[in-house]
Amino acid sequence: MATVFVSMDSSARSVGADDVADAIRRAAEVRDLSVTIVRNGSRGMLWLEPLVEVETERGRVAYGPVTIQDVETLVDEGLFVGADHRLSLGSTEEIPWLARQTRYSFELVGLIDPLSPEDYEAHGGLSGLRKAITMQPAEIVELVTESGLRGRGGAGFPTGIKWETVLAAPTEDVKFVCANADEGDSGTFADRMLMEGNPFGLIEGMVIAGLATGATEGFVYVRSEYPDAIATMRTAIGVAHLRGWLGLNILGSHERFELSVRVGAGSYICGEETAMLESLEGRRGMVRAKPPLPAHAGLFERPTVINNVLTLASVPRIVADGPSVYRSFGVGRSRGTQVFQIGGNVARGGVVELPFGVTLGTLVNDFGGGTRSGRPIRAVQVGGPLGAYLPVAAFDVPMDYESFAAIDAMVGHGGVVVFDETVDMARQARFAMEFCAEESCGKCTPCRVGAVRGVEVIDRIIAGDHREANLVLLEDLCDLMASGSLCAMGSLTPMPVRSALTHFGNDFHRLPAALRSDASEPRSR
Amino acid sequence: MKGATGESPVYDIERVRVLAEERTSLRGSLLEILHAVQDTLGYVDETAIPIIADTLNLSKAEVLGVVSFYRDLRQEPPAQTVVRLCRGEACQSVGAERLVARARERFGLDIGESSTDGRVSLDQVFCLGNCALGPSAMVDGRLIGRLDEATLDVLMAPRL
Ligand SMILES: Cc1cc2nc3c(=O)[nH]c(=O)nc-3n(C[C@H](O)[C@H](O)[C@H](O)COP(=O)(O)O)c2cc1C
Ligand code: FES
């Protein structure tokens, strides 16, 4: 009996994976063949979705991208035995795009049936938790500190130090662990793919965080734009309860941990950790002033661990392996692997997990294959809407926290968005301000008012109205927002704006559209 | 929800009370209650506000403040079909704005507008987590990748 894999990842579904899975099921029925169709997570080669894999003696063999029109011939030509076909990609593991990666946090995504606890355990799941249960909290914290793991939500704060603070914080009753699954940055989708492809990995990481810090209750705060991830997490939490991986007496021990999913409601700022806490408490997502740190007084004023999904999902394997394996990856103070997400105008987009230190050019050209449009690349935005726009000249800069900070850019959550030569960077700068104006929580003036003013000033620059004076004004405004805002929403919005001015200054000096004859032509550099 | 004839069924206030009471023991339950009310009844009617406030011992202003803060929470019944076009940077890079223009030119709908018969509304969203396969949209909760003008026409036309 053949086992066929068709992803249930929402990206795969967005281009027809459900239809392909149905068509395969029907084709098998008609031919009286018995097949099992496993809906796995995505391997991350998103341009090949819907990807179809079949289990053979040689391991899994892949075909893609498969459309419903392809299914009949594919089945007739021997899909179920892994035969050759126009859409054959050979052994999945040997596809160079995948083989060249270091899948650590994403090891099980695409490999396993996301909601099968048996599959999870068979592939090494729970070994981190089993080990952690035998350790003292301080030992777990020490191990995570040693590994060099830093937060993947954007700021890169050392995870072990955060946990140590929560462990040391006194409380009368409860401490919390919150997984930040708000993933609002455009160009990022790794949290979503992890939750859809390996939800038990996140759950295990959260339980370990609880053991390490004395926290007994957890929340996964998922953005509402991710209905599939929400459903998968909820089901997985239910399964984990039944298995004794959550609740009282975890794995037969005296440890306990309760976990539930909470859903956002369409607000980017709720990804900022203190706004997220407000939202979890049922209020408007207004940023809190720090101190107090959430580690001291977070959710309901209790000591709270807040970590990104990828941070937490990396923990089980780090604990199972010991700190040195993870530490051996990376460069300088950026240890381990980063799950890069290549998107936008790119030929081969998807998830590329590699040790820190890979260059932007390698990601965008070698993995990404250049633009989807076939035009030359002009700009790449790294690290989400608050990250810098970089020119091709920056393609040899290694991607690690420090090297990127040195060029006034940030790795952030690892999003890499490609633009071709038709992009107008003055408009992208305007969008950065517009986005901030739209999403600001409104608590502090530099962010709330500064962004609105920023849009107006850039509009005047684009229109050619007192351009030089307005460019000076824009600089001042950026200074004010960067130095005076309460949180990184306001203080980082100048990053994309300034990078556009620095690297693509010509776009701010073009003739106003009304005076141009070439308005629809690609922009010249 | 509003039907094709424009008649609105009565808003089931008793249901609101039950949904709220079922959730009062949850920590920080207000947002959970509002989600439940909207999922069940389509929107958060103004008549629901005092009931929720009463159940949680909050002021009406506090509840209304939360409802108005979050983009997802509606105070009006939604259209039969809600098309949300992604305008995040990754989708911009592959022509998201062309789709916004198409909706305007072909169907006369701008972002935030609904067709006069209440059947289709057009909305925007900043990133659906499908940034390698954009332009993306969400239509009645279903994610659509590599959206082009022709597919947008097919999605919107039969409903208009
Ligand atoms: C405007 C804004 C939005 C943010 N959005 C997210 C997000 O969607 N996901 C996330 O993990 N962190 C986000 N962060 C960072 C969080 O505040 C916080 O640093 C992070 O969740 C901590 O987890 P980590 O240490 O594992 O990175 C955001 C920060 C800001 C200022
Ligand atoms: S930017 Fe459109 S899906 Fe991410």
Side-chain angles (χ1 to χ4, degrees), chain A residues 10-11 13-15 46-47 49 183-189 191-193 217 219 223-229 260 262-268 279-286 299-300 341-346 349-350 372-373 381 384-385 415 417-420 423 428 431 435 438-439 441, chain B residues 23-24 26-36 38-39 44 52 56 58 62-74 84 86-97 123-147:
Chain A
S10 47
S11 259
R13 298 182 63 208
S14 84
V15 289
L46 293 175
W47 85 98
E49 294 289 358
E183 195 164 65
D185 288 0
S186 161
T188 66
F189 41 86
D191 295 347
R192 178 186 63 66
M193 288 186 60
E217 240 186 273
F219 293 97
R223 66 200 299 251
S224 61
E225 291 82 354
Y226 286 179
D228 289 6
S260 44
R262 287 295 171 90
V263 180
S267 160
Y268 178 77
S279 187
L280 279 168
E281 291 183 20
R283 285 196 290 272
R284 300 159 69 96
M286 304 293 273
L299 190 60
F300 302 104
Q341 301 126 77
I342 311 181
N345 195 335
V346 69
R372 196 200 293 173
S373 64
Q381 188 179 29
V417 175
V418 180
F419 292 79
D420 74 9
V423 70
Q428 296 309 119
F431 177 77
F435 184 73
E438 175 86 19
E439 299 293 342
C441 78
Chain B
R23 287 169 178 75
T24 43
L26 296 176
R27 292 188 190 272
S29 56
L30 177 54
L31 198 51
E32 286 289 292
I33 292 173
L34 292 169
H35 271 307
Q38 180 156 306
D39 289 349
V44 183
I52 297 170
L56 295 182
L58 295 170
E62 279 172 287
V63 177
L64 203 55
V66 170
V67 174
S68 60
F69 181 85
Y70 293 98
R71 193 180 298 129
D72 283 359
L73 298 175
R74 286 184 296 262
R84 302 168 80 196
C86 178
R87 296 178 96 180
E89 287 91 331
C91 287
Q92 290 170 17
S93 77
V94 285
E97 292 310 305
D123 227 328
Q124 65 184 2
V125 54
F126 295 105
C127 196
L128 291 163
N130 196 32
C131 323
L133 299 179
S136 306
M138 198 166 260
V139 179
D140 295 336
R142 192 163 68 94
L143 181 63
I144 295 171
R146 289 206 195 104
L147 183 60

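In what follows, chains are A, B, ... by sequence order, proteins preceding strands, each numbered from 1. Just so you know, these numbers use all the heavy atoms, side chains as well, and skip hydrogens, waters and symmetry mates.
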* Do side-chain atoms of B:H35 reach the backbone of A:R262 as a donor and acceptor pair under 3.5 angstrom? -> no

* To do: Measure A:Q381 against the heavy atoms of chain B and call it side chain, backbone, both or neither at under 4.5 Å.
  => side chain

* Asked: When A:R284 is tested against each of B:L31, B:V67, B:V66 for side chain to side chain contact (heavy atoms under 4.5 Å, CB included), which residue passes?
  -> B:V66

* Asked: Once you round to the nearest 0.5 Å, how far does SG of B:C131 lie from CZ of A:R192?
  -> 8.0 Å

* chain A interface, residue from B:G88, B:G65, B:P135, B:G141 that has the most non-hydrogen pairs under 4.5 Å -> B:G65

* Asked: With a 4.5 angstrom heavy-atom cut-off, which part of A:S373 approaches chain B: side chain, backbone, both or neither?
  -> neither

* Taking atom OG of A:S267 and atom CG of B:D72, what is their separation to the nearest 0.5 Å? -> 9.0 Å

* **Steps toward side-chain contact (heavy atoms from CB on, under 4.5 Å) verdict (A:E438, B:R71)** => CA-CA 10 Å; A:E438 175 86 19; B:R71 193 180 298 129; 3.8 Å; yes

* Could you check which of A:G343, A:G349, A:A229, A:S186 has the highest count of heavy-atom pairs closer than 4.5 Å to chain B? => A:S186

* To do: Answer yes or no: is there a donor N or O on one side and an acceptor on the other, between the side chain of A:N345 and the main chain of B:S93, under 3.5 Å?
  => yes

* Please step through side-chain contact (heavy atoms from CB on, under 4.5 Å) for the pair A:F219 and B:R27, ending with a clear verdict. => CA-CA 11 Å; A:F219 293 97; B:R27 292 188 190 272; 4.2 Å; yes

* Measuring heavy-atom distances to chain B, does A:E439 have an atom under 4.5 Å in its side chain, in its backbone, in both, or in neither? -> side chain

* Structure fact -> Rounded to the nearest 0.5 Å, the CZ atom of A:R13 sits from the CG atom of B:N130 at a distance of 11.5 Å

* Among A:Q341, A:R223, A:Q428, A:M286, which residue forms the greatest number of heavy-atom pairs with chain B at distances under 4.5 Å? -> A:R223

* Structure fact -> One should read off an interatomic distance between B:L133 CG and A:F189 CZ, to the nearest 0.5 angstrom, of 8.0 Å

* Asked: Which atoms of B:E32 come close to chain A, meaning under 4.5 Å heavy atom to heavy atom: side chain ones, backbone ones, both, or neither?
  -> side chain

* Asked: Heavy-atom distance under 4.5 Å to chain B: side chain of A:S260, backbone, both or neither?
  -> neither

* Please look at A:I342 and chain B and tell me whether the side chain, the backbone, both or neither of the residue comes under 4.5 angstrom of a heavy atom of that chain. => backbone

* **Between A:G415, A:G184, A:G285, the one whose heavy-atom pairs under 4.5 Å with chain B are most numerous** => A:G285

* Given a strict heavy-atom distance threshold of 4.5 Å, which part of B:R142 is in contact with chain A: side chain, backbone, both, or neither? -> neither

* For A:V417 and B:A90, work out which heavy atoms get closest and say how close. => CG1-CA, 3.6 Å

* Using non-hydrogen atoms only, which part of A:P385 is less than 4.5 Å away from chain B: side chain, backbone, both, or neither? -> both

* Answer with side chain, backbone, both or neither: which region of B:S68 has an atom nearer than 4.5 Å to a non-hydrogen atom of chain A? => side chain

* **Side-chain H-bond candidate by donor/acceptor type, A:S224 with B:Y70, under 3.5 Å** => no

* Asked: Given a strict heavy-atom distance threshold of 4.5 Å, which part of A:D191 is in contact with chain B: side chain, backbone, both, or neither?
  -> neither

* To do: May I ask you to decide if the ring planes of B:F126 and A:F431 are parallel, tilted or perpendicular, using 30° and 60° as cut-offs?
  => tilted

* What part of A:F435 gets closer than 4.5 Å to chain B, counting heavy atoms only: side chain, backbone, both or neither? -> side chain

* Which heavy atom of B:R146 sits nearest a heavy atom of A:L46, and at what distance? -> NH2-O, 4.4 Å

* Which heavy-atom pair separates A:S10 from B:L143 by the least distance, and what is that distance? -> O-CD2, 3.5 Å

* Asked: Step by step, would you call A:R283 with B:E62 a salt bridge (Lys or Arg N to Asp or Glu O under 4.0 Å)?
  -> CA-CA 8 Å; A:R283 285 196 290 272; B:E62 279 172 287; over 6 Å; no

* To do: Pick one of side chain, backbone, both or neither for A:V263, based on which atoms fall under 4.5 Å of a heavy atom in chain B.
  => both

* So, do B:M138 and A:P227 sit near enough that their side-chain heavy atoms are less than 4.5 Å apart? -> yes

